[in-house]
Protein chains: 2
Amino acid sequence: MNKCEQCIVRQFNSLKTLTKDELIKISACKTSKIIKKGEVIFKEGEYLNGVFCIRDGVCKVSKMSENGRNQIISLIQQGSMLGERSLISDEISNLTATALSDMEVCFIPKEEIIKDLEKNPNFTLDVLKTMANSLKNADNLIVDMAQKSVKQRLADTLLHLLERFGLNTDAAINIQLSREDIANIIGTATASAIRLLSELKKEKIIDFIGKDITILNKKELEKIAQGF
Amino acid sequence: MNKCEQCIVRQFNSLKTLTKDELIKISACKTSKIIKKGEVIFKEGEYLNGVFCIRDGVCKVSKMSENGRNQIISLIQQGSMLGERSLISDEISNLTATALSDMEVCFIPKEEIIKDLEKNPNFTLDVLKTMANSLKNADNLIVDMAQKSVKQRLADTLLHLLERFGLNTDAAINIQLSREDIANIIGTATASAIRLLSELKKEKIIDFIGKDITILNKKELEKIAQGF
DNA sequence: TTTAAAATATGATATTTATCAGCTTTATTA
DNA sequence: TAATAAAGCTGATAAATATCATATTTTAAA
């Protein structure tokens, strides 16, 4: 079993603020899991007995609307924590997390995190800062969802994905999403997302082969994102 | 000048976790302000040198989209704190706060709050819990904005307003919002919001005189909110 | 109180987006 | 590898929503 004290991944999340002793304790009680692409890490309504630290891979965090349509709220990748919100509120999970690639995650039991929250103010403050940042992002997303057209949101999404995941060796955005996933990020019907992608391709603003999407004209895509 | 130690309002926010000494210190450096309906408390892009504690009144928290349209993210009322997010992230404000009624707010300088965050873990943890709750609400709003129709969102909004602000003496929802504000909560054009309100009135699901809106058929409104 | 400005209301129309159907391509698995 | 399922694509159409124009009502200011 890998040791948290030696894990690079913790540098990217609040665990970096823990002392060596605290890390050793976590290391002793954590469990590692391999999660296959498509598998659910946790479901909306489930009670989480701890948090997840993502060692490798990417997952989507989503929620069903009352209409029975699925909305992806965010993509979470290597280095991030998952399930902190529910732990802090001591509530069942509000969201569902599903692997978009094969993943390696560590599960840290609730009691251990709570102990650290109570004893280590640096840790609490770092969690607080992370959450403040998530809240800002969420607020911005609310504005975009409410005020931008589907086409704008698609352009936005492609630009965000590029920024977040970079390029693969073929100069395509380095993440594989189904058309349905893309639609569920944007908040539109799958058919609409497909149609708009095709249009962008026809206009030579993007190109794609299967799930590999390449941005050909970033300037133009930025214009579309801004509503022109 | 009113003393924080004796102020009822702090029971409703994280200040309730402060010790008597800490409260006395805050009391000594805080300033009280009267803010008239329509006045701006702080603007997007402004650097906040502290946080606000709302003693009386209601304000809207909003943000301009790139399209130049305004989106109201939340309504904040008596008892809540304002500006915590920016303080914790040490960033300029992401949002604009505007009074919807005459208000009385106290301004607490940043240094004082930071001191307490560093020294009082109960305070930090309570702020964290509050923020976790805001994040849940924000996530849910993202889903609604992305997946629900304008009509559903209007119904939702009316029900939320009722729950949040209760009834006035005329059995109308106890908050006065312009049609534009309602549209900016829903994320739609003002004309569309007005039209849908008129429809609901025609169907005898709501009634209104000016800005006073009464829900006549709550069951039916709930059905609409759910998409029927 | 009169006047001007702002907010509200509603019709006509254009645009955006969803839905549904049918087809093709790609992936899965027996 | 053949069979089947799933995902992707596109056209036709319907529904939702925005926009614009204009009228009316309410509010604020002179």
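Reminder, nothing fancy here: chain letters follow the sequence lines and each chain counts from 1. The figures that follow rest on heavy atoms only: side chains count, while hydrogens, waters and symmetry mates do not.
Counting only heavy atoms from C-beta outward, the side chains of A:Lys218 and A:Leu162 approach each other to under 4.5 Å. A:Asp207 has its side chain within reach of A:Lys201: a pair of non-hydrogen atoms, C-beta onward, lies under 4.5 Å apart. You'll find the side chain of B:Val61 stays beyond 4.5 Å of the side chain of A:Asp139, heavy atoms only. The shortest side-chain heavy-atom distance between B:Glu203 and B:Asn217 does not fall under the 4.5 Å cut-off.
Counting any heavy atom pair closer than 4.0 Å across all strands shown, A:Thr190 reaches no nucleic acid atom.
Put simply, CD on B:Gln147 is 14 Å from P on C:dT17, counting in whole angstrom units. Taking atom CG of B:Leu196 as the reference point, atom P of C:dT8 lies 15 Å away to the nearest angstrom. The nearest whole Å value for the distance from the CD1 atom in A:Ile194 to the P atom in C:dT17 is 16 Å. Atom-to-atom, CG of B:Leu197 to P of C:dA7 comes out at 16 Å; the value is rounded to the nearest Å. Straight-line distance from the NZ atom of A:Lys151 to the C1' atom of C:dT16: 11 Å, rounded to whole Å.
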For nucleotides 18-27 of chain C, give me every protein contact, N/O to N/O, under 3.5 Å, one pair per line with atom names.
residue, atom, partner, partner atom, Å
C:dA18, OP1, A:Thr188, OG1, 3.3
C:dA18, OP2, A:Thr188, OG1, 2.4
C:dA18, OP2, A:Ala189, N, 3.4
C:dA18, OP2, A:Ser192, OG, 2.7
C:dT19, O4, A:Arg195, NH2, 3.1

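When each of B:Lys63, B:Glu66, B:Arg69 is paired with A:Gln147, the side chain to side chain donor-acceptor pair (under 3.5 Å) condition holds for B:Arg69 and for no other.
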One pair to check against salt bridge (charged side-chain N to carboxylate O under 4.0 Å, His left out): A:Asp156 and A:Lys148. What are the steps and the verdict? CA-CA 10 Å; A:Asp156 258 344; A:Lys148 289 188 172 181; 2.7 Å; yes
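The nucleotide range of DNA chain D contacted by chain A, defined by atoms under 4.0 angstrom from heavy atoms of the protein and reported 5' to 3', is D:dA7 to D:dA12.
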